[in-house]
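What follows is a single structure, written as structure tokens, with notes after it.
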Amino acid sequence: MSKGLKLTDILVTFVIAIVFGIVYQLWTPFYEFLGGLGLHIDQLSYGMWFIAATVAYLIIRKPGVALLAELAAASGSLILGSPYGVELLIYGFLQGLFAELVFFAVRYKRYDILVVSLAGAASAAASLLFDWYKGYIGDLEAWNLALMIGFRTISAIVICGVFAYFLVKALEATGVTNLVRPASKEDYDALDK
Amino acid sequence: MQFDFIHKETWLHKINPSFKLIVILVLFIMVLFIHNINIMMNYMVVILFMFLLFSGQPAKRVILILIPVLFMFITTAIPMIFFGKGDTTWFGWGLIHITEESFFRGIHVGLRALIFTGLGIIFALTTRPVFLFYSLMQQLKIPSKYAYSFLAGLRLIPIMIEEFQTIRYAMKVRGVQHKRGMKGFYEVLRKYSIPMLSQSIRRAHRVAVAMEAKRFSQVKNRTYYYKITFSWNDIMFVLYFLILLSAAYFISVQYPYFAITDVRYK
């Protein structure tokens, strides 16, 4: 078993990322519509922007995949002409990196709902960090800022954690994940029987 | 399907794509350090000017692009205008508290988002993805397995769209009724996303196997079908920003529109 990502892993990661790149394009008008409602209601849909990382990780289960997927999804959106423009690259990189750090912390050994929820929350933290510089969110009234952080974190946990987990669970039923996952210890044990 | 939105080629299309990307990233980082709304407004004009004159798009499409962008400007600016910190109250109603400081900070944040959009759209409209990835491999030495994988992925988009249509028609012809509310929304999402994702992953896997079977390898001295080089257009691109942004800075210092030099709350 060789370490690192093979061509198959990279291609599958990119394709997942591009699927979500398209989803992001469809999500943009929805998010902007919610933004028009005010009081940070839009933040409740913010978690969708981090989902590429957790889904790719859950499917492929290899180091580096989360960062690569999130960055590729952001680049894909940029190439498709997203109205958010160049900032996507920085958001994508930071969000992917923070999610990747969570997976690194568990040594890429755990694939449960808690870990992906944590990764989602970490991505939310990354996006807030960048918004601090870009959007001066530190200059919002305190209650308003708390509302924004709360909504964004909740949505990250619900969408990137719970929803992504069940999405991949349903994908596992189709058998497609067996194509791309590395052989686990149970697989080797099964051979010995 | 063509992956570009090119209507008429301009000099922006002939710039080396990697170089264009780097210049745009530098401009992007620059914007993050601007806290003076006067400079931001002039900066915005420089970008808008380039987009309107050199993107090579017909007027109708320019307007079509600008509508969602303007909406985004409003949704970015409003939260800060309504709920930002400030001392000079203009208007207060319930939770909404508009002050002079928060108003200008909101406009500033909105302008910043507009500049990012402008830079991103200029890049997307004037860059062919194929040339971008060839350039990334040749000039920035991105490993070919990443570049070609991404290109292969982009090529799968039309198939994904076709598949989406197929699923839609299949459900329609069988008279599938969707429930309303959150549960119905989840059902719809599941019915589309699972087949789309699983088929895409299978296809990606097959493409990768085929690439390796045909001896796709990462040799150092690989040859490229497209040779991406530099030209005078690259220098023009830098000069455009160097001259006009210096002018923008000079004008905003000499003839400011507003007396505010820093929108951050002290």
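Chain A is the first sequence line, chain B the second, and so forth, proteins listed ahead of strands; every chain is numbered from 1. Side-chain atoms are counted along with the backbone in the values below, which use heavy atoms only and exclude waters and symmetry mates.
- A 4.5 Å side-chain heavy-atom check between B:Leu197 and A:Leu167 finds at least one atom pair inside the cut-off.
- Classified by interplanar angle (parallel below 30°, tilted 30° to 60°, perpendicular above 60°), the ring pair B:His35/A:Tyr136 is tilted.
- For the atom pair A:Lys134 NZ and B:Phe28 CZ, the distance stands at 8.5 Å (nearest 0.5 Å).
- When each of B:Ile201, B:Leu27, B:Ile121 is checked for heavy-atom pairs under 4.5 Å with chain A, B:Ile201 comes out on top.
- Neither the backbone nor the side chain of B:Ile65 comes within contact range of chain A; no heavy atoms are under 4.5 Å apart.
- Under the 30°/60° scheme for interplanar angles, the aromatic rings of A:Phe14 and B:Phe150 are found to stand perpendicular.
- Interface residue B:Arg112: only side-chain heavy atoms are found under 4.5 Å from chain A.
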From CA spacing to verdict: side chain to side chain contact (heavy atoms under 4.5 Å, CB included), A:Ile10, B:Tyr146 | CA-CA 7 Å; A:Ile10 294 168; B:Tyr146 290 96; 3.7 Å; yes
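- A:Asp139 touches chain B through backbone and side chain together, each having a heavy atom under 4.5 Å away.
- Annotation: side chain of B:Pro79 is in contact with side chain of A:His40 (closest heavy-atom distance under 4.5 Å).
- Between A:Leu11 atom CG and B:Arg206 atom CZ the span is 12.0 Å, to the nearest 0.5 Å.
- For A:Leu88, no part lies near chain B; criterion is any non-hydrogen pair under 4.5 Å.
- Between the CG atom in B:Leu119 and the CG atom in A:Leu78 there is a gap of 10.0 Å [rounded to 0.5 Å].
- Within the 4.5 angstrom heavy-atom criterion, only side-chain atoms of A:Leu68, from C-beta onward, approach chain B.
- Within 6.0 Å of CZ on A:Phe130 lie more than 12 heavy atoms contributed by other residues, nucleotides or ligands.
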B:Met160/A:Val15 under side chain to side chain contact (heavy atoms under 4.5 Å, CB included): CA gap, chis, key distance, verdict = CA-CA 10 Å; B:Met160 292 178 197; A:Val15 167; 3.9 Å; yes
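- Within the 4.5 angstrom heavy-atom criterion, only backbone atoms of A:Ser82 (N, CA, C, O) approach chain B.
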Taking it one step at a time, do B:Leu132 and A:Ile79 satisfy side chain to side chain contact (heavy atoms under 4.5 Å, CB included)?
-> CA-CA 10 Å; B:Leu132 169 65; A:Ile79 291 172; 4.2 Å; yes
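- Listed here is the closest heavy atom pair of A:Leu7 and B:Ser149: CD1-OG, 3.5 Å.
- In this structure, the portion of A:Ile22 lying under 4.5 Å from any heavy atom of chain B is its side chain and not its backbone.
- Between A:Thr174 and B:Arg202 the shortest heavy-atom distance is O-NH2, 3.1 Å.
- No other option in A:Thr13, A:Val19, A:Val55 has as many heavy-atom pairs under 4.5 Å with chain B as A:Val19.
- Within the 4.5 angstrom heavy-atom criterion, only side-chain atoms of B:Ser193, from C-beta onward, approach chain A.
- Atom NZ in B:Lys145 sits 10.0 Å away from atom NZ in A:Lys6 (nearest 0.5 Å).
- Counting heavy-atom pairs closer than 4.5 Å to chain A, the top-ranked of the candidates B:Met196, B:Gln199, B:His108, B:Glu101 is B:His108.
- Counting heavy-atom pairs closer than 4.5 Å to chain B, the top-ranked of the candidates A:Gly135, A:Ala142, A:Gly175, A:Gly76 is A:Gly135.
- Counting heavy-atom neighbours within 6.0 Å of B:Glu162 CD, excluding the residue itself, gives a total of 12 or less.
- For a residue to count as touching a neighbouring chain, one of its non-hydrogen atoms must lie under 4.5 Å from one of that chain's; by this rule B:Ile34 touches chain A with the backbone only.
- Using a 4.5 Å cut-off between heavy atoms, B:Ile29 makes no contact with chain A at all.
- Atom CD of A:Glu32 is separated from atom CD1 of B:Ile74 by 10.0 Å, given to the nearest 0.5 angstrom.
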Evaluate the criterion side chain to side chain contact (heavy atoms under 4.5 Å, CB included) for residue pair A:Leu140 and B:Lys85; output intermediate values, then yes/no.
-> CA-CA 5 Å; A:Leu140 284 171; B:Lys85 284 182 198 160; over 6 Å; no
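- There is no contact between A:Tyr31 and chain B, counting heavy-atom distances below 4.5 Å.
- Heavy-atom pairs under 4.5 Å with chain B were tallied for A:Leu179, A:Asp42, A:Thr28; the largest tally goes to A:Leu179.
- For a residue to count as touching a neighbouring chain, one of its non-hydrogen atoms must lie under 4.5 Å from one of that chain's; by this rule B:Ile194 touches chain A with backbone and side chain alike.
- Here the CE-CG distance, from B:Met80 to A:Asn144, works out to 9.0 Å after rounding to the nearest 0.5 Å.
- B:Thr117 contributes a side-chain N or O that, together with a main-chain N or O of A:Pro83, makes up a donor-acceptor pair within less than 3.5 Å.
- Only the side chain of B:Phe216 comes within contact range of chain A, with heavy atoms under 4.5 Å apart.
- Between A:Phe163 and B:Tyr186, the angle of the ring planes goes over 60°, which puts this pair in the perpendicular group of the 30/60° scheme.
- Interface remark: A:Ile18 contributes side-chain atoms only to the contact with chain B (heavy atom separation under 4.5 Å).
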